[in-house]
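Encoded as structure tokens, the structure appears first; notes follow it.
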Amino acid sequence: MTAAQIQITETEAERVQRWRIEELERAGYDTQSASELAARNDVDLHRAVELIENGCSVELALEILR
């Protein structure tokens, strides 16, 4: 079976988490931090992005969100 023949099905939850990671990275979070935050249902994406947009360092934003 070739790679083209293999169909990978992504669930809705996986698509949402991938999108959240992308948005957090775009805001300035590093990949690891973005992945950790995106996986948490208690973290508001908009709040996480606003913290960076309002001048928080990634480290401070992570402290606030944890």
Side-chain angles (χ1 to χ4, degrees):
M1 184 179 300
T2 67
Q5 293 172 316
I6 299 173
Q7 180 181 5
I8 298 174
T9 304
E10 186 177 46
T11 67
E12 182 67 20
E14 291 167 335
R15 278 192 296 275
V16 169
Q17 186 168 351
R18 182 174 42 81
W19 173 76
R20 285 171 56 93
I21 291 169
E22 292 168 358
E23 291 299 309
L24 290 164
E25 288 177 334
R26 190 170 323 183
Y29 290 90
D30 59 90
T31 301
Q32 181 178 347
S33 297
S35 295
E36 290 173 11
L37 290 174
R40 293 182 45 203
N41 292 328
D42 64 321
V43 172
D44 182 280
L45 175 70
H46 295 96
R47 179 69 177 134
V49 170
E50 285 174 356
L51 287 169
I52 299 299
E53 288 176 345
N54 289 325
C56 281
S57 66
V58 170
E59 293 78 19
L60 180 57
L62 291 173
E63 283 295 316
I64 293 169
L65 295 168
R66 288 187 179 138

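Side chains are part of it too, since the values below use all heavy atoms of this structure and drop only hydrogens, waters and symmetry mates.
- No continuous path of ILVMFWY side-chain contacts below 4.5 Å connects Ile21 to Val43, so the two sit in separate hydrophobic clusters.
- Summarising the geometry, atom CG belonging to Asn54 is positioned 7.5 Å from atom CZ belonging to Arg47; distances are rounded to the nearest 0.5 Å.
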For this session: Give the intermediate values and the outcome of salt bridge (charged side-chain N to carboxylate O under 4.0 Å, His left out) for residues Glu22 and Arg18.
Result: CA-CA 6 Å; Glu22 292 168 358; Arg18 182 174 42 81; 3.6 Å; yes
Problem set entry | Residues Glu23, Arg20; criterion salt bridge (charged side-chain N to carboxylate O under 4.0 Å, His left out); working and verdict | CA-CA 5 Å; Glu23 291 299 309; Arg20 285 171 56 93; over 6 Å; no
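- Of the inter-residue distances, the one linking Leu37 atom CG with Leu65 atom CG reads 6.0 Å to the nearest 0.5 angstrom.
- A pairwise comparison of heavy atoms in Ala39 and Gln17 identifies CB-NE2, 3.4 Å as the closest pair.
- Criterion: ILVMFWY side-chain heavy atoms under 4.5 Å apart, direct or through other members. Under it, Leu45 and Leu60 are part of a common hydrophobic cluster.
- What you find for Leu24 and Ala34 is that their closest heavy atoms are CD1-O, 3.5 Å.
- Residue Ser57 holds its OG atom at 9.5 Å from CD of Glu63, rounded to the nearest 0.5 Å.
- The closest donor-acceptor contact from the side chain of Tyr29 to the backbone of Ala48 lies under 3.5 Å.
- More than 12 heavy-atom neighbours from other residues, nucleotides or ligands sit within 6.0 angstrom of CG on Asp42.
- Of the inter-residue distances, the one linking Glu53 atom CD with Leu51 atom CG reads 9.5 Å to the nearest 0.5 angstrom.
- Annotation for Glu14: atom CD counts as buried by contact number, over 12 foreign heavy atoms lying within 6.0 Å.
- The two residues Ala61 and Ile52 come nearest to each other via the heavy atoms CB-CD1, 3.9 Å.
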